[in-house]
Number of protein chains: 2
Amino acid sequence: MTEQGGVDWIDSETKVAEAPADHGDDLRLWLRLLTCSTLVETEVRRRLREDFDFTLPRFDLLAQLERAEQGMVLGELSKRMMVSAGNLTALVERLVESGHVSRTTSPTDRRVQIIALTDFGRAAFREMADRHGDWIGDLFKDLSARDRVALIDELGKLKRSIRASLAAGGGS
Amino acid sequence: MTEQGGVDWIDSETKVAEAPADHGDDLRLWLRLLTCSTLVETEVRRRLREDFDFTLPRFDLLAQLERAEQGMVLGELSKRMMVSAGNLTALVERLVESGHVSRTTSPTDRRVQIIALTDFGRAAFREMADRHGDWIGDLFKDLSARDRVALIDELGKLKRSIRASLAAGGGS
DNA sequence: GCGAGAAATTTCAAGCTTAAAGTTTTTTCC
DNA sequence: GGAAAAAACTTTAAGCTTGAAATTTCTCGC
């Protein structure tokens, strides 16, 4: 659709331009990382909506709960999902309404809310998760097994670097 | 702060668990990608707010405009930023109010809105972009130059795979 | 030159997200 | 055991985001 023959997409990376300082590679890396994850996320979001009339935040929440047989405390959900607790209050409320999760006040500590999958929620999640796996597989299918493993490894290093930096200067 | 000695963070990746199908590596890769980009994004967002009282979407918009001397049509901004046009209407409006960008109706096509940086906006962006480069550099500093280049390369392959998949099945 | 359709943008309703402030409950420490 | 601090969560205000519907303007074919 654009003038550049053959290609009809553009994004932030299209012209990285030289960086003001010498963080050129860092910025290029960051933009590429962001582009990849935005592309995947947008597609997953679209498919969840179209195929299941579900949103990604809801799906993410169910995904966390699936591995917690006994349910999970709201605060831990917040950490694992890397979103604020305030966010979860309303999200959980909507999922309770739709019957996917239950919310119970802890019997031993009345401040604590325990969130758990219902049977319905578990079944719904399983179905969506299967398809989700296929979608991701499709998106990544042109990547060789070797590249996949290499990426997982390299991203592991990146993650450690980020965590280290956050832990060091995090207080500021 | 949690019970597990030494480490006080957890996230979605902490237990990847075996995948339902055999997309195990794909899902692991996707989760790791998402974790890295969420960590960086959250930190950038926090610093922009604290240091400049600015938001990431605003910053992203200015970043796109910086490379367009003549300004940019709203539709192209939308493609480059990978966000909906409806989103931009309000975002641009707020940036016009704060004096960072100007909005002009194209003289040759009255449907078209041309958005451009003001001098004030350009100066503000330059300052933020410099710092932004430092932040990213800090977050990535434990990564060797070799790893950085490898990641850029591998992510390039991933991006091509995603684009190809979207282009192929995209119509659905 | 006019009508159908396409294109660019805006509006709208709904939901997500955050930080900060507020509430309730528990823990800590005299 | 009681006050003060901490912890878990909710509320609030503001802004971001989307998809779908509506609006305005242009283009194309006749």
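Because the structure is predicted, anything quoted here is derived from the model rather than measured.
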Colleague: How close or far is atom C1' of dC16(C) from atom CG of L48(A), stated in whole angstroms?
Modeller: 15 Å

Colleague: Could you check, using the six-membered ring where one of them is a Trp, whether H132(A) and F52(A) have ring centers closer than 6.0 angstrom?
Modeller: no

Colleague: Taking the nucleotide of DNA chain C with the nearest heavy atom to each, does L88(B) or D109(A) sit closer to the 5' end?
Modeller: L88(B)

Colleague: For G75(B), which contact category applies under a 4.0 Å heavy-atom criterion: base, sugar-phosphate, or nothing?
Modeller: sugar-phosphate

Colleague: More than 12 foreign heavy atoms under 6.0 Å from CD of E127(A): is that the case here?
Modeller: no

Colleague: From CD of Q113(A) over to C1' of dA7(D), roughly how many Å is that when rounded to an integer?
Modeller: 14 Å

Colleague: Closer than 4.0 Å, any side-chain N/O of N87(A) to the OP1 or OP2 of dT18(C)?
Modeller: yes

Colleague: Can you tell me how far P of dC16(C) sits from CZ of F59(A), to the nearest Å?
Modeller: 15 Å

Colleague: Expressed as a whole number of angstroms, how long is the span from E76(B):CD to dA8(C):P?
Modeller: 11 Å

Colleague: How many whole angstroms separate atom CZ of R111(B) from atom C1' of dA8(C)?
Modeller: 6 Å

Colleague: To the side chain of R94(B), which of dT11(D), dT18(C), dG15(D) is closest?
Modeller: dG15(D)

Colleague: Test E66(B) against every option in R80(B), R126(B), R122(B) by the salt bridge (charged side-chain N to carboxylate O under 4.0 Å, His left out) rule and name the one that passes.
Modeller: R126(B)

Colleague: Taking only the side-chain heavy atoms of V112(B) (C-beta and beyond), determine which of dA8(C), dT10(D), dT18(D) contains the nearest atom.
Modeller: dA8(C)

Colleague: Start at the 5' end of DNA chain D and walk down; is the nucleotide closest to V73(A) or to T42(A) reached first?
Modeller: V73(A)

Colleague: By nearest heavy atom, map L91(A) and R49(B) onto DNA chain C; which one lands nearer the 5' end?
Modeller: L91(A)

Colleague: For E93(B) and dG15(D), what is the distance between atoms CD and P respectively, to the nearest whole Å?
Modeller: 12 Å

Colleague: Using whole Å, what does the distance between atom P of nucleotide dA8(D) and atom CD1 of I115(A) come to?
Modeller: 14 Å

Colleague: Considering only heavy atoms from C-beta outward, does the side chain of V44(B) approach that of F59(B) to under 4.5 Å?
Modeller: no

Colleague: Given dC16(D), is OP1 or OP2 found less than 4.0 Å from the side-chain N or O atoms of T55(B)?
Modeller: yes

Colleague: Would you say the side chain of V83(B) lies within less than 4.5 Å of the side chain of L77(B), judging by non-hydrogen atoms?
Modeller: no

Colleague: Take the protein atom CG of L61(B) and the nucleotide atom C1' of dT17(D), then report the distance between them rounded to whole Å.
Modeller: 14 Å

Colleague: Does OP1 or OP2 of dT24(D) have a side-chain N or O of R110(B) closer than 4.0 Å?
Modeller: no

